[in-house]
Amino acid sequence: MAVFGIVSKEKTSVASSVYYGLFALQHRGQESAGIVVNDDGVFSTHKDSGIVNDIFTQKIISALGEGNMAIGHVRYGTLSTKERVNAEPIVVNHIKGRMAIATSGSLVNAASIKRELELSGNIFHTMSDAEVVSYVITRERLTAPTIEDAVSRAMDKLDGGLCFLLMSPQKLVAVRDKRGMHPLCYGIRENGEYVVADETCALDSVGATLVHELLPGEIVVFTGSEVKHITEHCDDAPERLCIFEYIYTARPDSHIGGYAVHKARRRAGALLAKAHPVEADIVIGVPDSGLDAAIGYSWTSGIPYGIGLIKNKYIGRTFINPGQDIREDKVKIKLNPIRDTVEGKRVVLVDDSIVRGTTCAKLVKLLKSAGATEVHLRSSAPPFVNPCYYGTDIDSRDSLIAAHHTVEEIREMTGADSLGYLLLEDVLKICDGAAAKGYCTACFDGNYPTEIPEKYNNKYDTKISENKG
Ligand code: AMP
């Protein structure tokens, strides 16, 4: 999921800037997208299922009109929340006014907050955390003197890895989760407009210069040309930036914690080459997120780098579709080998991660049928063995191949000639120049920074006991 916001002193076509910001963040979610434009307290909204390009035509952007602020969202639907009704931003009217909210990530205590609210008669229309957040904030707003005070008080109640943007008639409030699990930053354009986004690549896309990466727990309030930083929640919890941002989620042209994502991936490839060397003729990467690591592997091993797989640019991430049959077909539609690169060669195939094992098994087969004599599979992430509760659509241990099979079994299942994963002890070395003070590596080592969310407990208890049985 991703958010993008803009604040201008003038009334301008803020919707088109948000459109381009969201377009740059499309890799973080393709389930739905939405924009809310604020024209002096009059909110205009458009949101729908699908990708940014399909939803926002020139006509729709024009119909959203001009304003001095806007926020937008792209949604990465977890399985239970794919319906259109869960599209964000959501707009709520409450006794003290009106606000729009867009979230990025996931709360871990949404179920208990929701239950408490439902028991006191509240009703929910969506499965989105945005609605839970809006209830908590509007309740606090009843007694808080300002919207930012309400947000700050709400932070004591909200737990998990959730950043959000809140737009009131006069203010845009950006909030980073208190462990800094997800990135959030803001920049400024030459004309003085401020923009906020998960990733710096979105600032680049609208010509903004990075001003500040929000600290964990930081709240930033934008009012016209004024910017206020509220840091009272910054020491609430130790920082635990998601390491998977560097490995897979973020775009390689983004910086997180002042550190280039591309560089982190190249380093992962270099470490992988040291840990799992092999005699081969060519190193290729799985586009897009495996390419940088493949370059790192090549530079360190001395094995030439080549382009061995071409990705159809017009397809979303295959992982998004539920159902194994669809996923398998889509790999073929999405990726095609270049025979000229791989024929008669011993190939090192680098992917950023092996989750279910579907993609790499299919790719090994495709490469061999294109003439590769050997395929040596390398994952620039350690074995993915635990579900993620913080916004990644990997909520079940069941489907994680490494949770149930040894490396040798996976090698055999994927048809690779050898298999090597980034060593767990190397994972933090990929970003050791970053400003973050701590990382979440739970998907690899089970060291969760929060309680396991209650809504999942029963499901997992059942599933884990089934797996054991
Ligand atoms: P799999 O076929 O399940 O092993 O998926 C591995 C592929 O999915 C890799 O090429 C990754 O780039 C990609 N991937 C990893 N994590 C995710 C995620 N959370 N959502 C979508 N795709 C992912």
Side-chain angles (χ1 to χ4, degrees), residues 1-2 25-31 51 74-79 81-82 104-106 161 181-182 242-252 261 265 268-269 272 284-294 308-309 311-312 315-335 349-367 377-405 407 409-411 413-416 419 421-422 440-444:
M1 283 190 242
L25 295 167
Q26 185 75 85
H27 60 288
R28 297 184 77 92
Q30 297 99 32
E31 218 54 61
I51 58 171
V74 290
R75 182 171 195 85
Y76 177 90
T78 47
L79 283 183
T81 62
K82 284 189 187 293
S104 183
S106 217
M181 298 182 83
H182 296 294
C242 167
I243 193 69
F244 211 52
E245 288 283 345
Y246 288 107
I247 293 171
Y248 166 81
T249 315
R251 250 172 57 167
V261 174
R265 291 191 188 158
L272 195 53
I284 66 168
V286 180
D288 294 314
S289 32
L291 298 179
D292 317 68
L309 289 164
K311 179 177 168 185
N312 184 323
I315 197 157
R317 286 183 175 185
T318 54
F319 211 83
I320 301 298
N321 283 309
Q324 199 72 358
D325 46 342
I326 301 175
R327 208 160 20 239
E328 282 183 15
D329 279 341
K330 275 192 100 179
V331 172
K332 221 178 197 165
I333 297 166
K334 181 177 168 185
L335 294 162
L349 173 66
V350 183
D351 201 355
D352 62 275
S353 55
I354 299 172
V355 183
R356 294 172 165 94
T358 322
T359 312
C360 53
K362 206 80 194 162
L363 291 178
V364 171
K365 210 163 144 196
L366 281 176
L367 291 170
L377 186 59
R378 298 291 180 269
S379 160
S380 61
F384 207 120
V385 285
N386 301 294
C388 173
Y389 305 107
Y390 312 112
T392 311
D393 189 16
I394 300 170
D395 67 353
S396 160
R397 219 171 164 265
D398 279 4
S399 49
L400 300 173
I401 193 168
H404 311 291
H405 298 280
V407 174
E409 282 169 353
I410 300 169
R411 185 204 62 74
M413 290 160 80
T414 55
L419 168 61
Y421 285 92
L422 182 71
C440 176
T441 47
C443 50
F444 308 128

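Starting from 1, each residue takes its place in the sequence as its number. In each ligand, atom 1 is the first atom listed, and ligand 1 is the first ligand listed.
Ligand-side atoms of ligand 1 in range of Ser289: 12 (O), range being under 4.0 angstrom from any heavy atom. Those atoms of ligand 1 with a heavy atom of Asp352 less than 4.0 angstrom away are 9 (C), 10 (O), 11 (C), 12 (O). Of all atoms in ligand 1, numbered sequentially from 1 with element shown, those under 4.0 Å from a heavy atom of Ile354 are 4 (O). The contact set between ligand 1 and Arg356, taken as ligand atoms under 4.0 Å from a residue heavy atom, comprises 1 (P), 3 (O), 4 (O). In summary, the atoms of ligand 1 found under 4.0 Å from a heavy atom of Thr392, numbered by their order in the structure, are 19 (N). In summary, the atoms of ligand 1 found under 4.0 Å from a heavy atom of Thr359, numbered by their order in the structure, are 1 (P), 2 (O), 5 (O), 6 (C), 7 (C).
Counting heavy atoms from C-beta on, the side chains of Tyr421 and Leu419 come closer than 4.5 Å. Side-chain atoms of Val286 and Asp352, non-hydrogen and from C-beta on, never get closer than 4.5 Å to each other. The shortest side-chain heavy-atom distance between Val261 and Thr249 does not fall under the 4.5 Å cut-off. The side-chain heavy atoms of Arg28 and Glu245, taken from C-beta on, include a pair separated by under 4.5 Å. The side-chain heavy atoms of Lys311 and Leu335, taken from C-beta on, include a pair separated by under 4.5 Å. Between Thr414 and Ile354, the closest side-chain pair of non-hydrogen atoms is not below 4.5 Å. For the pair Phe244 and Cys388, the minimum side-chain heavy-atom distance is 4.5 Å or more. In this structure, Val385 and Leu400 have side chains that are not in contact, with every pair of non-hydrogen atoms separated by 4.5 Å or more.
Where the criterion is an N or O separation shorter than 3.5 Å, residue side chain and backbone included, Phe244 fails it with respect to ligand 1. On a distance-only criterion, Tyr76 and ligand 1 share at least one N/O pair closer than 3.5 Å.
The closest heavy-atom contact to atom 15 (C) of ligand 1, among the options Ser380, Gly29, Ala361, Ser353, comes from Ser353.
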* Asked: What do the steps show when you test His405 against Arg411 for side chain to side chain contact (heavy atoms under 4.5 Å, CB included), and what is the final call?
  -> CA-CA 10 Å; His405 298 280; Arg411 185 204 62 74; over 6 Å; no
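Residue Cys360 places every heavy atom at 4.0 Å or more from ligand 1. Ligand 1 lies within reach of Asp351, whose nearest heavy atom is under 4.0 Å from it.
By the criterion of a heavy-atom distance under 4.0 Å, both the backbone and the side chain of Thr358 are placed next to ligand 1. Contact annotation: for Val355 versus ligand 1, heavy atoms closer than 4.0 Å belong to both the backbone and the side chain.
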